[in-house]
Amino acid sequence: MNNLLAVVGMTGSGKSVACDYLEKIGYKKVYFGGVTIEELKKANLELTPETEKMMREKLREDFGMGAYAIKLLPVIEDLYKNQDVVLDGLYSWDELVILKEKFPNLKVIAIVADKDIRYERLAKRNIRPLTNIQAEQRDISEIENIKKGGPIAFADFYLYNNGDLEDYRNNLESILRRI
């Protein structure tokens, strides 16, 4: 049976680094944030922290808190038939419930990093950098409006990412051996 993993965590924790590594070793990545980006393109809106937030909340208003799982379920089902799959960016508790119902063997890895470290990373990233104020606003919005804390709290595994990239990859590989 193929593996299905969801990588969760707050913005800047290192989810994409873990997912990129998993993709490099053979997993097919399903990027939840891609739904937001595609919907912004369809609406001819610029990609900014403000429009991303607006679109994330609009999608959840239109489809419920499980919106991203609902929209991506056919893609996940199709890929999972033939290969290992990693879900990059599962956010809400409802998304987790929908996916766990369909895929009982789904394993969740929560990436955790200190807030100051996450904010420093977000300020330095090349794609969609955030100021500390923007990062804090996004954290609060994701906790209050998207209910991001549930999947993090209910994760099967925790990967702490306050150190260097080598330690991070070693810790991820240790989790993968346990799966």
Side-chain angles (χ1 to χ4, degrees), residues 5-25 27-63 65-72 75-76 79 85-96 99 108-152 155 158-165 167-169 172:
L5 307 177
V7 177
V8 300
M10 298 303 291
T11 302
S13 62
K15 296 181 304 293
S16 294
V17 173
C19 291
D20 290 347
Y21 177 77
L22 289 164
E23 190 174 33
K24 187 176 176 179
I25 65 168
Y27 281 74
K28 183 65 179 174
K29 180 170 67 172
V30 177
Y31 177 51
F32 278 46
V35 173
T36 303
I37 294 167
E38 286 303 313
E39 292 296 326
L40 286 170
K41 286 179 185 175
K42 285 181 193 174
N44 291 319
L45 294 172
E46 184 180 352
L47 183 66
T48 68
E50 294 77 21
T51 59
E52 285 184 81
K53 176 182 184 274
M54 177 276 304
M55 187 57 71
R56 284 191 303 270
E57 292 177 3
K58 180 184 181 322
L59 286 167
R60 288 190 169 88
E61 184 180 307
D62 292 347
F63 296 96
M65 290 304 291
Y68 287 72
I70 292 165
K71 289 185 98 35
L72 290 171
V75 173
I76 297 166
L79 291 171
V85 176
V86 60
L87 308 177
D88 180 358
L90 180 146
Y91 279 11
S92 76
W93 177 255
D94 288 15
E95 290 167 351
L96 179 60
L99 292 171
V108 178
I109 301 172
I111 312 296
V112 180
D114 291 352
K115 184 167 53 174
D116 291 344
I117 292 171
R118 290 189 302 105
Y119 288 7
E120 183 179 320
R121 289 175 184 157
L122 291 167
K124 292 179 182 177
R125 73 182 182 183
N126 294 328
I127 300 171
R128 299 183 339 265
L130 299 176
T131 65
N132 283 3
I133 291 169
Q134 289 172 320
E136 184 174 272
Q137 289 170 341
R138 182 161 176 179
D139 275 356
I140 292 167
S141 173
E142 289 180 349
I143 292 166
E144 291 180 347
N145 302 333
I146 300 175
K147 311 299 182 212
K148 195 171 188 181
I152 296 169
Y158 289 87
L159 198 165
Y160 298 94
N161 185 21
N162 286 333
D164 65 28
L165 192 55
D167 286 340
Y168 183 60
R169 284 191 180 136
L172 179 55

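It should be emphasised that the depicted structure is a prediction, and the values quoted were computed from it without experimental measurement. Computation of the quantities below employed the complete heavy-atom set of this structure, encompassing side-chain atoms and omitting hydrogens, waters and symmetry-equivalent molecules. Throughout, residue positions are numbered sequentially from 1 according to the sequence presented.
- For Lys148, the salt bridge (Lys or Arg N to Asp or Glu O under 4.0 Å) partners two or more places apart in sequence, or in a different chain, are Glu142.
- Pro151 pairs with exactly one of Asp94, Leu90, Leu99 by the side-chain contact (heavy atoms from CB on, under 4.5 Å) rule, that one being Leu90.
- Annotation for Met65 and Glu95: closest pair O-CG, 3.6 Å, computed over non-hydrogen atoms.
- With respect to the salt-bridge test (charged N to carboxylate O, under 4.0 angstrom), the residues Lys53 and Glu57 qualify.
- Annotation for Asn161 and Ser13: closest pair ND2-O, 2.7 Å, computed over non-hydrogen atoms.
- Surrounding CG of Asp116 are at most 12 heavy atoms belonging to other residues, nucleotides or ligands under 6.0 Å away.
- Taking Lys24 as the reference, nothing meets the salt bridge (Lys or Arg N to Asp or Glu O under 4.0 Å) condition, with sequence neighbours excluded.
- Looking at heavy atoms from C-beta onward, Asp88 lies out of side-chain contact with Val7 at the 4.5 angstrom threshold.
- There is a side-chain donor-acceptor pair under 3.5 Å between Tyr68 and Thr36.
- The NZ atom of Lys71 sits 4.0 Å away from atom CZ of Phe63, with the distance rounded to the nearest 0.5 Å.
- Atom CD1 of residue Ile109 and atom CG of residue Leu5 lie 5.0 Å apart, to the nearest 0.5 angstrom.
- Between atom OG of residue Ser92 and atom CG of residue Asn145 there is a gap of 12.0 Å, rounded to the nearest 0.5 Å.
- Remark: of the listed residues Lys29, Lys15, Arg169, Lys29 is the sole one forming a salt bridge (charged side-chain N to carboxylate O under 4.0 Å, His left out) with Asp20.
- Between atom CD1 of residue Ile117 and atom CG of residue Asn162 there is a gap of 3.5 Å, rounded to the nearest 0.5 Å.
- A heavy-atom distance below 4.5 Å is not found between the side chains of Met10 and Arg138.
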Worked check of side chain to side chain contact (heavy atoms under 4.5 Å, CB included) between Arg121 and Val17 = CA-CA 12 Å; Arg121 289 175 184 157; Val17 173; over 6 Å; no
Can Arg128 and Glu52 be said to form a salt bridge (Lys or Arg N to Asp or Glu O under 4.0 Å), step by step?
-> CA-CA 10 Å; Arg128 299 183 339 265; Glu52 285 184 81; 3.1 Å; yes
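- For the pair Lys58 and Glu61, the salt-bridge criterion is not met [side-chain N within less than 4.0 Å of a carboxylate O].
- Going from atom OH of Tyr119 over to atom OG1 of Thr131 covers 10.0 Å, rounded to the nearest 0.5 Å.
- Look at Arg118 and Asp139 and you find a salt bridge, because one of the NZ, NE, NH1 or NH2 atoms lies within 4.0 Å of a carboxylate O, short of that distance.
- For the atom pair Leu172 CG and Leu22 CG, the distance stands at 5.0 Å (nearest 0.5 Å).
- Smallest separation of non-hydrogen atoms from Ile152 and Tyr158: O-OH, 2.6 Å.
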